[in-house]
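Predicted model only: the values in this text are computed from it and were never measured.
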Amino acid sequence: MDYLNSLNSQQYQAVTAGTGQVLVLAGPGSGKTRVLTQRVAYLIDAMGVRPSAILAVTFTNKAAREMEERVNKLLPGRAGGLWLGTFHGVCARILRREAADAGLSRSFVIFDSDDQLAIVKAILRDLGIDKLKDPRLSAYAVHAAISRAKNDLILPEDYPIGLRSRKYDEVYAKVYQRYQAELDRNQAVDFDDLLMRTYLLLSGKPSIREQYARRFEHVLVDEFQDTNRPQYELVRLLSSYHHNLFVVGDEDQSIYRWRGADYHNILRFTKDYPDHQKILLEQNYRSTQTVLDAAMAVIRRNPNRTAKRLFTQLGRGTRLTLYEAEDDRQEAEFVVDTIRETARGKISPGDFAVMYRTNAQSRLLEEAFLSAGMPYRLVGAQRFYGRREVKDLIAYLRLIQNPGDTVSLLRVINTPPRKIGDKTVGMLQFTAADLETSPGEILLSLGRSGPASPHWGRFDSRAATALADFGAQLAAWIDLRDSEAVPALFDRILSDIRYQEFIDDGTDEGEDRWENVQELRRLAYQQEQGTLAGFLEQIALVSDQDTLTESGDAPTLLTLHAAKGLEFPQVIIVGLDEGVLPHIRAIESGDAEEMAEERRLFYVGITRAKERLYLVRADRRGGFRGYEEQIASSFLDDLPEDLVERRGPASSRASSRAYRAYRRDSQWDGGGSNWGRAREPYTVPPPARPAAAQERQFTPGMRVSHASWGEGMVIESRLMDGDEIVDVVFESVGIKRVMASLAKLQKL
DNA sequence: TGGCTCTGTATTTTT
DNA sequence: TACAGAGCCA
């Protein structure tokens with residue numbers, strides 16, 4: 001157990017904690033992963049726990065893999081059989097094993113965001129709602145409402161009508177029901193289903209719950225601040241027999257609120273498990289004190305947090321650089337120049353990470369790198385898996401795995417073109433609906449039996465032949481699926497459909513597309529041992545971080561979200577402008593929690609830096625209609641002057657003056673200023689001053705009473721401008737939004 | 001049926 | 001900008 005010697009006393013305490021519940025509050029860079037890894041090793045090594053009785057849940061597959069490697073290094077050959085993975089991955093595994101009890105086909109597929117959105121779109125079209133052009137009824141918004149419901153563990157038939165708006169809720173409820181029915185018809189689940197269905201399975205079937213709860217003597221959870229309701233409940237259920245629960249988190253790094261994550265789960269944990277041990281990890285082993293001081297100055301402004309003191313023994317280090325460029329092109333050039341000029345000697349290009357708030361910001365950066373002839377690594381799964389050619393091939397694979405997957409079928413039925421047009425497809429769907437089967441089954445019947453198929457007569461002979469040809473192909477692939485490994489199947493599809501001919505038209509773009517196909521093929525070849533189902537699952541659940549490769553000495557480009565859990569010697573954060581970071585949507589929402597999350601995002605970015613941190617902004621940015629003037633991010637205001645060295649053409653000029661004037665104005669006009677040729681004004685709430693910081697007095701579910709409206713229940717509450725805005729459903733008058741200070745609500 | 005052009009609109013973050 | 005979807009024509 002030599003490994004224990006390298007721990008500080010808090011880390012040691014955490015790693016060697018006995019049984020029961022343990023909450024480790026770990027600041028950035030405090031050795032959280034190390035504690036988790038060694039804890040697992042300690043359980044096996046010192047406490048004699050079988051690896052297969054340990055469940056460890058991480059946030060990304062990458063983190064899981066790293067943890068596995070490190071445990072294996074500590075205990076060579078003794079850690080096999082650990083359950084290690086992401087929440088979504090673990091849930092998929094459980095659902096696959098318990099498919100029958102979960103009401104699923106064992107070969108269920110996981111729909112990606114595009115498929116999910118496509119289903120919502122089709123339903124809206126069917127209901128004639130797409131014509132309304134109401135942004136709150138856009139496919140995107142409706143899908144978000146469904147996702148929110150699932151994250152609140154609300155089933156379609158229980159969707160509450162009239163809580164917010166009767167008109168919208170009715171649509172959401174209806175679409176939710178049809179959406180879920182459509183998933184069922186396709187034998188498919190979405191991301192939220194993985195969590196919700198596992199929760200329903202475990203909560204609804206005591207025998208299955210007990211089986212898993214007995215099995216997992218120890219449950220460990222990483223990034224606990226980013227768990228949502230289903231995840232919290234799952235952890236509770238899975239640890240409900242042995243009650244050994246070890247969670248690690250940091251409220252200040254919670255950045256997935258929009259996905260239902262709720263850092264209050266940390267507080268909830270302390271209440272639900274009153275006998276827990278709490279251990280604080282404050283010593284930072286990653287960054288210089290300057291970086292930490294900057295980080296603390298930024299995060300201090302957030303209300304509702306446990307104050308932490310981050311300290312290091314790595315010395316003061318270099319001051320931050322704040323570079324103010326004239327425009328976003330110059331911003332990108334600064335990034336490239338800085339890396340080129342600094343990366344020599346001890347610092348190499350691979351030491352750099354460039355972080356941004358939105359993916360769109362990577363474009364200019366990429367262009368700048370390309371024109372400078374410098375390589376870079378871009379983190380992001382969507383970039384690859386969202387490509388048409390990649391999606392096509394995955395759709396083929398999914399269809400072979402599950403012919404009931406009509407979404408995939410429709411995607412590939414005429415791609416490449418095989419003379420099956422809209423009319424034929426319409427007939428196919430109609431027939432399937434008529435006979436209460438899936439289009440895929442009809443296709444297979446035509447393929448296997450030809451004119452002898454009972455469905456043949458439904459189509460004219462040309463259409464029937466085309467369908468039968470494709471059906472026969474599909475049937476052959478399905479046979480191959482059962483006899484061959486994934487790579488062989490993949491190559492067979494490629495050659496059968498002559499995909500290269502279709503996609504690679506000799507243009508640069510065509511070559512590019514074919515290159516992507518090759519990349520997917522490489523991934524398939526790594527799946528020599530695994531099943532098709534496993535390959536598809538792995539593909540469906542890749543996280544952005546999983547696409548981060550270790551190879552090559554090139555700077556990494558990634559979003560602030562994707563940067564969570566990583567560290568780099570040199571960090572450049574771009575886009576420090578009001579409206580970019582913090583993002584305009586957070587500002588416009590007027591929701592203090594959303595602004596707090598933007599701040600946490602900045603905090604996460606800052607604390608990734610080991611040695612040196614650059615912050616970059618631009619006076620003007622190109623939007624989709626020309627350039628727009630920018631104001632420096634209000635977050636920059638919170639950095640102590642003595643930690644920052646200002647540079648750049650813009651720093652001493654107009655923008656700063658305008659910015660200061662703007663700040664002054666916003667003191668008394670409540671935000672919104674016009675100067676120069678500024679665009680539409682928007683209001684910027686003042687940064688959360690400690691004075692204005694306060695606790696929420698009302699939480700959802702709480703019973704309250706009001707002098708004239710009587711009793712009601714709180715459905716939502718948030719802090720805004722130092723007051724609390726509470727939504728309450730009153731028994732007498734329905735839903736009302738009130739200011740806590742004026743309404744004099746009484747808690748019951 | 002297939003391919004082209006034109007138009008309108010928008011995703012912030014991602015499992 | 002960029003991408004999906006509609007509309008048009010061969």
Starting from P on B:dT11, measure out to CG on A:Asp114 and report it in whole angstrom. 12 Å
Does A:Lys121 reach a base, just sugar-phosphate, or nothing at all? Heavy atoms under 4.0 Å. sugar-phosphate
Separation of B:dT14 C1' from A:Arg585 CZ (nearest whole Å): 15 Å
Assign A:Asp112 to base, sugar-phosphate, or nothing according to its heavy-atom contacts below 4.0 angstrom with the strands shown. nothing
Counting only side-chain N and O atoms of A:Ser113, is one of them less than 4.0 Å from OP1 or OP2 of B:dT14? no
5'-most by nearest nucleotide on DNA chain B - A:Lys419 or A:Leu195: A:Lys419
When you match A:Ala540 and A:Lys423 each to their closest nucleotide on DNA chain B, which lands nearer the 5' end? A:Lys423
What distance, rounded to whole Å, do you find between the two P atoms, one in C:dA4 and one in B:dT13? 16 Å
Give the rounded distance in Å between these two atoms: NZ of A:Lys62 and P of B:dT15. 13 Å
Please pick, from B:dG2, B:dT14, C:dT1, the nucleotide with the shortest atom-to-atom distance to any side-chain atom of A:Asn414. B:dG2
Mind checking whether A:Tyr232 and A:Phe224 have parallel, tilted or perpendicular rings, split at 30° and 60°? tilted
Check the distance between B:dT15's P and A:Tyr385's OH and give it to me in whole angstrom. 11 Å
Taking atom CZ as the centre, does A:Arg329 end up with more than 12 heavy-atom neighbours from other residues, nucleotides or ligands that are less than 6.0 angstrom away? no
Residue A:Pro417, side-chain heavy atoms: nucleotide from B:dT14, B:dG3, B:dT15 that is nearest: B:dG3
Once you round it to whole Å, what is the distance between P of B:dT13 and OH of A:Tyr356? 10 Å
Using 30° and 60° as the class limits, which term best fits the ring planes of A:Trp258 and A:Tyr256: parallel, tilted or perpendicular? tilted
What contact category does A:Asn359 fall into here, base, sugar-phosphate, or nothing, at under 4.0 angstrom with non-hydrogen atoms? sugar-phosphate
Is the count of non-hydrogen atoms from other residues, nucleotides or ligands lying under 6.0 Å from A:Arg462 atom CZ greater than 12? no
What integer distance in Å separates A:Glu223:CD from B:dT15:P? 13 Å
For A:Arg125 and C:dA6, what is the distance between atoms CZ and C1' respectively, to the nearest whole Å? 11 Å
Determine the sole option in A:Arg411, A:Arg398, A:Arg387 for which the salt bridge (Lys or Arg N to Asp or Glu O under 4.0 Å) test with A:Asp392 is passed. A:Arg411
Between C1' on B:dT13 and CG on A:Leu581, what's the gap in Å once rounded to a whole number? 11 Å
Would you mind classifying the nucleic acid contact of A:Thr60 as base, sugar-phosphate or nothing, using non-hydrogen atoms under 4.0 angstrom? nothing
Please work out which of the three classes, parallel, tilted or perpendicular, describes the rings of A:Tyr212 and A:Trp83, given edges at 30° and 60°. perpendicular
Centroid under 5.5 Å and tilt under 30°, A:His583 to B:dT12: yes
I want to verify a distance call: between B:dT13, B:dT15, B:dT1, whose nearest atom is closest to the A:Trp258 side chain? B:dT13
Nearest to the side chain of A:Thr86 - B:dT1, B:dT15, B:dT13? B:dT15
Stacked pair A:Phe87-B:dT15, distance under 5.5 Å, angle under 30°: no
